[in-house]
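Before I ask anything, let me first share the structure, which is written out below as structure tokens.
In this text, all values refer to a predicted model and were calculated from it rather than measured experimentally. Every chain is numbered from 1, with letters handed out A, B, ... down the list of sequences.
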Number of protein chains: 2
Amino acid sequence: MTKKKYFSQKNVQDLERFTKANLINSISGFKSANLIGTKNKNGDTNLAVFNSVCHLGSAPTMIHFTLRPHTVARHTYENILENSYFTINAVTKDTIEQAHQTSAKYNAETSEFEATGLVEEYHNDFFAPYVRLSPIQLGCKYINTYEIKENGCLLVVAAIEDIYINEELIADDGFVNLDEGGIASIVGLDGYYKPEKLARFPFARP
Amino acid sequence: MTKKKYFSQKNVQDLERFTKANLINSISGFKSANLIGTKNKNGDTNLAVFNSVCHLGSAPTMIHFTLRPHTVARHTYENILENSYFTINAVTKDTIEQAHQTSAKYNAETSEFEATGLVEEYHNDFFAPYVRLSPIQLGCKYINTYEIKENGCLLVVAAIEDIYINEELIADDGFVNLDEGGIASIVGLDGYYKPEKLARFPFARP
């Protein structure tokens, strides 16, 4: 029998700051790896990696992601509030190093596109920049922010207006084979993974 | 150059219902695979798979997950509202079939533990059942629900009170090597994956 280590809430709060962050960000599982692209009114672009983008409904198509105050996400959020439009771009195994580098604290005038070598792409007059080599690109429009009053985190809710997907990844039933596109997954703040398919199951009945 | 398929919001809404659900649930990336364990006041236990559990802060340790009305998640949420306590248990590659089967619409008197063969485990008088073989078990206490008014989805926020982790998975810096525990990831509603580690990166600086 494998031995388990136990942490009470007090044990967790007594941990060194980065140890605590690594532990708590890891334990809820694998997360999505996405780059959010924005642009401010001066035309400065911004790109930032997020591990908290989740689906929130299909009709209309909505997603959410979370923000903490005083993180690199601030430029992203300010640009979204200013212009409403942003992009979500899947991170692939070939771009994990550049994706992680976008988490560095660049100033507002420095574009993470230029700093990392990821290339901007624009589709159909959409205001915000996409990441050129990303196999899944989502053009999104800001809807609302819900403040989590218990800790001040922000839940940002948005609609997906435009979807671009490498067409060979799309199965006949609409499922998208993320593994075939080399799409990555994140653990914690800095661990990058390449998931391999185990199985797809039919609709479950008792 | 890989050809991209484009979907406008109208294209998406014109898709067949399950095709639309598969597409929209896939495109935001790999998700966490967790079983939420609950118990009602009659002592009936419930277990349900979720792909939306995310971290929401470290001090205090909080997570959130989303619920749609009229899904199998209803028993889970009713039990949580009734008793406040629930567990989150990581799904492993060896339990993906049972985990998926918990998404079937069993009645409230039928325990998904019994129906799937997953074994209940209790720690230290905690009210809700854990999944015995899960390498990461989180004892959680309900905090609040935020209704997403745009589509009626519910964001459930909870505190993590107790953490049990197979100790060989925990790195010296607090990071948890989910891959070494065989922990799975989910795409969409029914795709299960086993992530392999690519890299961990140091804290990024400009």
Legend entry - Over 12 non-hydrogen atoms of neighbours within 6.0 angstrom of CD in A/E196: yes
Legend entry - Min side-chain heavy-atom separation A/I163-B/V12 under 4.5 Å: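 Side chain of A/I163 against side chain of B/V12, heavy atoms only: contact under 4.5 Å found.
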Legend entry - Separation of B/L169 CG from A/K5 NZ (nearest 0.5 Å): 13.0 Å
Inset, instruction - Establish, from distance only, whether the side-chain atoms of B/Q9 and A/T61 form a donor-acceptor pair under 3.5 Å. - result: yes
Legend entry - Min side-chain heavy-atom separation A/E97-B/F201 under 4.5 Å: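 Yes. Closest side-chain heavy atoms under 4.5 Å.
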Legend entry - B/K4 NZ to A/N166 CG distance, which is reported to the nearest 0.5 Å: 4.5 Å
Inset, instruction - Check whether any side-chain heavy atom of A/K31 lies under 4.5 Å from a side-chain heavy atom of B/C54, and answer yes or no. - result: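 When only atoms from C-beta onward are counted, B/C54 and A/K31 do touch, with a gap below 4.5 Å.
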Legend entry - A/Y146-B/Y146 aromatic ring centre distance below 6.0 Å: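 Not under 6.0 Å, so no.
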Legend entry - Partner chain A: residue of B/V157, B/N34, B/I27 with the largest heavy-atom pair count (under 4.5 Å): B/I27
Legend entry - Flag side-chain contact, heavy atom, 4.5 Å: A/L23 against B/I165: yes
Inset, instruction - Name the region of B/D179, side chain, backbone, both or neither, that has any atom closer than 4.5 Å to a heavy atom of chain A. - result: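 Answer is both: backbone and side chain atoms of B/D179 are under 4.5 Å from chain A.
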Inset, instruction - Would you mind checking which part of B/A33 comes under 4.5 Å of any heavy atom in chain A, side chain (CB onward), backbone (N, CA, C, O), both or neither? - result: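 Neither part.
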Inset, instruction - Taking the six-membered ring for Trp and the full ring for Phe, Tyr or His, determine whether the centres of A/F30 and B/F30 are under 6.0 Å apart. - result: no
Legend entry - A/L155 versus chain B, the contacting section by heavy-atom distance below 4.5 Å: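 Only the side chain of A/L155 comes within 4.5 Å of chain B.
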Legend entry - chain B interface, residue from A/H123, A/K149, A/E16 that has the most non-hydrogen pairs under 4.5 Å: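 Going by pairs under 4.5 Å, I would pick A/K149.
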Inset, instruction - Give a yes or no on this: more than 12 heavy atoms of other residues, nucleotides or ligands lie within 6.0 Å of atom CG of A/N107. - result: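 More than 12 heavy atoms, drawn from other residues, nucleotides or ligands, come within 6.0 Å of this atom.
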Legend entry - Winner by heavy-atom pair count (cut-off under 4.5 Å) against chain A, out of B/S185, B/G188, B/A199: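 Most pairs with chain A among the choices: B/A199.
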Inset, instruction - Report yes if the side chains of A/K3 and B/E168 come closer than 4.5 Å at any heavy-atom pair, otherwise no. - result: no
Legend entry - Engaged part of B/L138 at the chain A interface, taking heavy atoms whose separation is under 4.5 Å: side chain
Inset, instruction - Look at the rings of A/F203 and B/F18 and say which category their plane angle falls in: under 30° parallel, 30 to 60° tilted, over 60° perpendicular. - result: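 Judged by the thresholds at 30° and 60°, the geometry between A/F203 and B/F18 is perpendicular.
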Legend entry - Euclidean distance, B/R200 CZ relative to A/D190 CG, rounded to 0.5 Å: 4.0 Å
Inset, instruction - Give a yes or no answer on whether the side chain of A/E150 reaches the backbone of B/P60 with a donor-acceptor pair at less than 3.5 Å. - result: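 Not at all, since once roles are kept as given, no pair shorter than 3.5 Å links the two residues.
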Legend entry - Leading residue by heavy atom contact count with chain B [cutoff under 4.5 Å; candidates A/I88, A/I96, A/I63]: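 Heavy-atom pairs under 4.5 Å are most numerous for A/I96.
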Legend entry - Partner chain B: residue of A/A184, A/G174, A/P195 with the largest heavy-atom pair count (under 4.5 Å):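 Option with the top pair count is A/P195.
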Inset, instruction - Evaluate the side-chain proximity of B/V187 to A/K197: yes if any heavy-atom separation is below 4.5 Å, no if none is. - result: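 Answer no - side chains too far apart.
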Legend entry - Any donor-acceptor pair under 3.5 Å from B/N22 side chain to A/D173 backbone: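 Yes, because the side chain of B/N22 sits within donor-acceptor range (under 3.5 Å) of the backbone of A/D173.
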Legend entry - Region of A/A59 in contact with chain B, defined by heavy-atom distances below 4.5 Å: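 It is both, since atoms from each part get that close.
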Legend entry - Which portion of A/I170 sits near chain B, non-hydrogen atoms under 4.5 angstrom: side chain
Legend entry - B/I160 side chain near A/S28 side chain, heavy-atom distance below 4.5 Å: no
Inset, instruction - Could you tell me whether a side-chain N or O of B/Q13 sits under 3.5 Å from a main-chain N or O of A/S58, the two making a donor and an acceptor? - result: yes
Legend entry - Winner by heavy-atom pair count (cut-off under 4.5 Å) against chain B, out of A/V53, A/V176, A/L178: A/L178
Inset, instruction - For atom CD of A/E114, decide whether the heavy atoms of other residues, nucleotides or ligands shown that lie under 6.0 angstrom number more than 12. - result: no
Inset, instruction - Give a yes or no answer on whether the side chain of B/S32 reaches the backbone of A/G29 with a donor-acceptor pair at less than 3.5 Å. - result: no
Legend entry - Side-chain heavy atoms of A/M62 within contact of B/I148, under 4.5 Å: yes
Legend entry - Options A/N51, A/I186, A/N11, ranked by heavy-atom pairs under 4.5 Å with chain B, top entry: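 Among the listed options, the one with the most contacts to chain B is A/N51.
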Legend entry - Residue selection (most heavy-atom pairs with chain A, distance under 4.5 Å) from B/H64, B/K10, B/E112: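 Ranked by heavy-atom pairs under 4.5 Å with chain A, first place is B/H64.
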Legend entry - Whether B/H100 side chain and A/P202 backbone form a donor-acceptor pair below 3.5 Å: yes
